[in-house]
Amino acid sequence: MKQTLTDIIQEALKRAQQQGALKLETQPVITLEIPKDKNHGDLATTVALTMAKAEGKPPRKIAEIIIANIQDEEGIIGRTDIAGPGFINFVLKQDRWRRTLFAIDDQGQEYGLKDVGRGEKVQVEFVSANPTGPLHVGHGRGAAVGDALANLLAAVGYDVQREFYINDAGRQVRLLAQSLHARYQQLLGNNVPFPEDGYHGEYIAEVAQEFLKAHGNVYRDKPFEECSEIFGDFGKEAMLADIRTDLEAFNVRFDHWFSEKSLLADNSVQRSIEELKQRGFSYEQDGALWLKSTAFGDDKDRVIVKKDGDYTYLATDIAYHRNKLSRGFRQLVNIWGADHHGYIPRVQAVIQAFGHPKDSLHVLLVQLVSILRHGQPVPMSKRAGTFVTLRDVVQDVGADAARYIFLTRRSDSPLDFDLDIAKEQSRENPVYYVQYAHARIASIFREAEARGIAVPKREAVQLDLLDLAEEQNIIKALAAYPEMIEEAALSYEPHRVTYYLQDLAGMLHTYYFKHRIIDAENEARTVARLFLMKQVKTVLQSALKLLGVSAPEKM
RNA sequence: GCGCCCAUAGCUCAGUUGGAUAGAGCACCAGACUACGAAUCUGGGGGUCAGAGGUUCGAAUCCUCUUGGGCGCGCCA
């Protein structure tokens with residue numbers, strides 16, 4: 001809808017220029033928006049205001065020129081007004097809006113999909129939790145955001161890959177192995193000391209039990225250094241299996257699991273460091289090797305290889321991002337916990353050091369989640385091992401509610417997750433509110449069927465019977481759906497979908513309450529209204545699907 | 001100390017990328033089932049958009065400063 005009108009205005013500008021009425025030395029950007037106030041029409045543009053200075057004419061005068069040059073061949077514009085300082089307000093013909101319903105009916109679940117991505121490859125890397133313990137709610141939020149964003153990008157035509165980066169090299173895995181080894185010895189009656197920074201969680205003892213079952217007491221009394229690898233591998237595999245299970249239960253699936261260790265095994269860390277040297281973005285100093293990240297705006301340069309010859313975390317990250325770039329992605333998106341924000345400049349420096357534009361990597365930060373129970377925050381401490389796991393939450397409130405609630409805030413903003421509200425079946429719980437709208441429509445169709453009324457075919461529908469204000473509102477919301485998808489995808493803001501859904505669901509509830517869909521006295525109207533309901537149901541379903549939330553027929 | 005993010009109704013948050021009279025939900029008050037699902041709906045009050053300057057036709061939105069919060073600043077990961 002916006003696009004069509006933009007083209008019409010574009011044509012009008014061109015015509016005005018040919019007549020000499022406008023100079024158009026610089027091409028103005030035509031933005032159309034849906035005014036908040038209904039008195040300002042269906043769509044409004046501010047071009048006349050933005051052009052005023054360059055043209056040296058008062059904006060209202062420019063607006064007049066534009067309007068005079070508009071040729072509306074398809075006949076979609078009902079009225080144009082100049083308002084205020086120079087807004088041009090368009091009222092579209094009712095019929096134009098209503099035809100959206102036919103489009104939805106034709107396209108079904110395809111409605112709203114676009115191809116702005118043109119099949120280009122993008123990657124979303126998210127969760128990427130250390131395989132040293134269960135996923136907690138923060139990971140859950142990252143998973144919900146990443147998965148929804150990936151869905152959105154796919155919906156606008158990108159070829160999306162979802163990737164999980166496994167931090168299976170380095171200190172954490174060693175600590176995991178040590179912790180596991182200690183618990184194992186304790187199970188066998190050896191009172192060995194537990195590593196100081198070890199993982200204290202209950203789950204380690206459980207894994208130790210599994211280890212005992214698998215290997216018996218073969219490693220009893222064996223010093224850790226002689227068997228660190230087997231404990232590390234066992235622990236890592238057990239944790240990864242748990243992570244996969246939890247993600248599965250949360251309806252998140254990855255296309256690719258990428259191992260950090262593999263970067264060391266195939267020498268790509270070495271090779272990337274070599275390449276950095278050749279490109280002149282690393283240097284040696286104080287016995288260490290440094291990345292010249294200040295060349296790209298970082299506060300200070302960063303160590304890649306330590307004095308003792310070990311790689312830093314950044315070293316594998318350099319190799320990892322080089323690997324990502326080599327896979328031909330047009331755009332990389334990393335979803336990180338907000339506490340890692342200080343890391344962004346150096347990774348963007350890496351990207352640039354390899355000759356790619358800074359913005360080929362976009363880091364989306366996800367803020368903290370606090371869990372509330374009975375209105376009180378549940379204390380969480382990673383050190384003490386008392387964090388609320390994703391599994392707990394999913395078992396408690398269900399995957400749908402959890403996913404939806406994780407997406408009810410901008411990812412940038414901290415989130416209070418109230419377990420009681422998430423279970424509540426009321427207006428306060430947004431996921432029920434939206435799902436109920438869908439179930440309600442399903443119920444109407446069940447009722448219609450019981451009365452022998454079939455789901456209407458478009459040929460049988462008289463759209464002009466949909467003339468109530470509530471019906472107009474709904475139709476306009478449905479027409480705005482494709483633009484919402486595109487904006488949410490391109491701005492990496494999946495939360496817009498939840499707001500849209502709540503809006504649409506609200507309109508549906510209002511309409512439902514005020515008017516009867518099935519009217520035994522008026523068959524034609526019943527058919528038209530059922531047709532409208534069918535399209536609302538389709539859009540609710542597709543939007544929920546983008547969020548990875550189910551659209552139930554009954555609740 | 002330096003850097004990043006943030007400050008919008010009593011509370012939790014949106015705000016169409018600089019547009020017209022700043023919006024929802026909760027809470028509070030008053031109402032609606034002989035009804036296709038009341039898990040719903042209708043109405044009401046409630047604001048110096050933290051503060052002060054600036055940019056311009058126009059600012060919650062952009063710039064500077066101040067105040068108040070969160071996070072990050074290791075040859076840890």
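Naming: A, B, ... by sequence-line order, numbering from 1 per chain.
Checked by atom type, the side-chain pair A/Glu260/A/Tyr320 shows no donor-acceptor distance below 3.5 Å. Between the side chains of A/Asn167 and A/Gln172, no donor-acceptor pair of N or O atoms lies under 3.5 Å.
Of the possible donor and acceptor atoms, one in the side chain of A/His321 sits under 3.5 Å from a partner among the backbone N and O of A/Asp317.
Residues meeting the salt bridge (Lys or Arg N to Asp or Glu O under 4.0 Å) test with A/Arg141, sequence neighbours left out: none.
The glycosidic torsion of B/rU17 lies within 90° of 0, placing the base in the syn range. In this structure B/rC33 sits in the syn conformation; its chi angle is within 90° of 0.
Using the six-membered ring where Trp is involved, A/Tyr283 and A/Trp290 have ring planes that are parallel, under 30° apart on the 30 and 60° scheme. Between A/Tyr492 and A/His362, the angle of the ring planes stays under 30°, which puts this pair in the parallel group of the 30/60° scheme.
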Find every protein N or O atom lying less than 3.5 Å from an N or O atom of nucleotides 6-12 of chain B, and list the pairs.
{"from": "B/rU12", "atom 1": "O2'", "to": "A/Arg409", "atom 2": "NH2", "distance (Å)": "2.4"}

Between protein and nucleotides 57-62 of chain B, what N or O pairs are separated by less than 3.5 Å?
none

Polar pairs (N or O, both sides) under 3.5 Å between protein and nucleotides 32-34 of chain B?
none

Protein-nucleic acid N or O pairs under 3.5 Å, nucleotides 73-77 of chain B:
{"from": "B/rC73", "atom 1": "O2'", "to": "A/Lys300", "atom 2": "NZ", "distance (Å)": "3.3"}
{"from": "B/rC75", "atom 1": "O2", "to": "A/Lys307", "atom 2": "N", "distance (Å)": "2.8"}
{"from": "B/rC75", "atom 1": "N4", "to": "A/Asp286", "atom 2": "O", "distance (Å)": "3.2"}
{"from": "B/rC76", "atom 1": "OP2", "to": "A/Lys306", "atom 2": "NZ", "distance (Å)": "2.8"}
{"from": "B/rA77", "atom 1": "OP2", "to": "A/Tyr313", "atom 2": "N", "distance (Å)": "3.2"}
{"from": "B/rA77", "atom 1": "O3'", "to": "A/Gln172", "atom 2": "OE1", "distance (Å)": "2.9"}
{"from": "B/rA77", "atom 1": "O3'", "to": "A/Gln172", "atom 2": "NE2", "distance (Å)": "3.2"}
{"from": "B/rA77", "atom 1": "O2'", "to": "A/Gln172", "atom 2": "NE2", "distance (Å)": "3.1"}

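Put simply, the side chain of A/His509 and the base of B/rC41 share no donor and acceptor less than 3.5 Å apart.
Positionally, the nearest nucleotide of RNA chain B for A/Ile518 lies more toward the 5' end than for the other of A/Ile518 and A/Gln425.
Considering only the side chain of A/Ser443, B/rC36 comes nearest among B/rC36, B/rU40, B/rU21.
Atom-to-atom, CD1 of A/Ile444 to P of B/rA38 comes out at 10 Å; the value is rounded to the nearest Å.
A distance of 11.5 Å separates OH of A/Tyr433 from CG of A/Leu501, quoted to the nearest 0.5 Å.
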Margin query: As a check on the pairing definition, encode RNA chain B in dot-bracket form, counting Watson-Crick and G-U wobble pairs whose two distances are under 3.5 Å, and using | for partners outside this strand.
Written below: (((((.(..((((.....[...)))).(((((.......))))).....(((((..]....)))))).)))))....

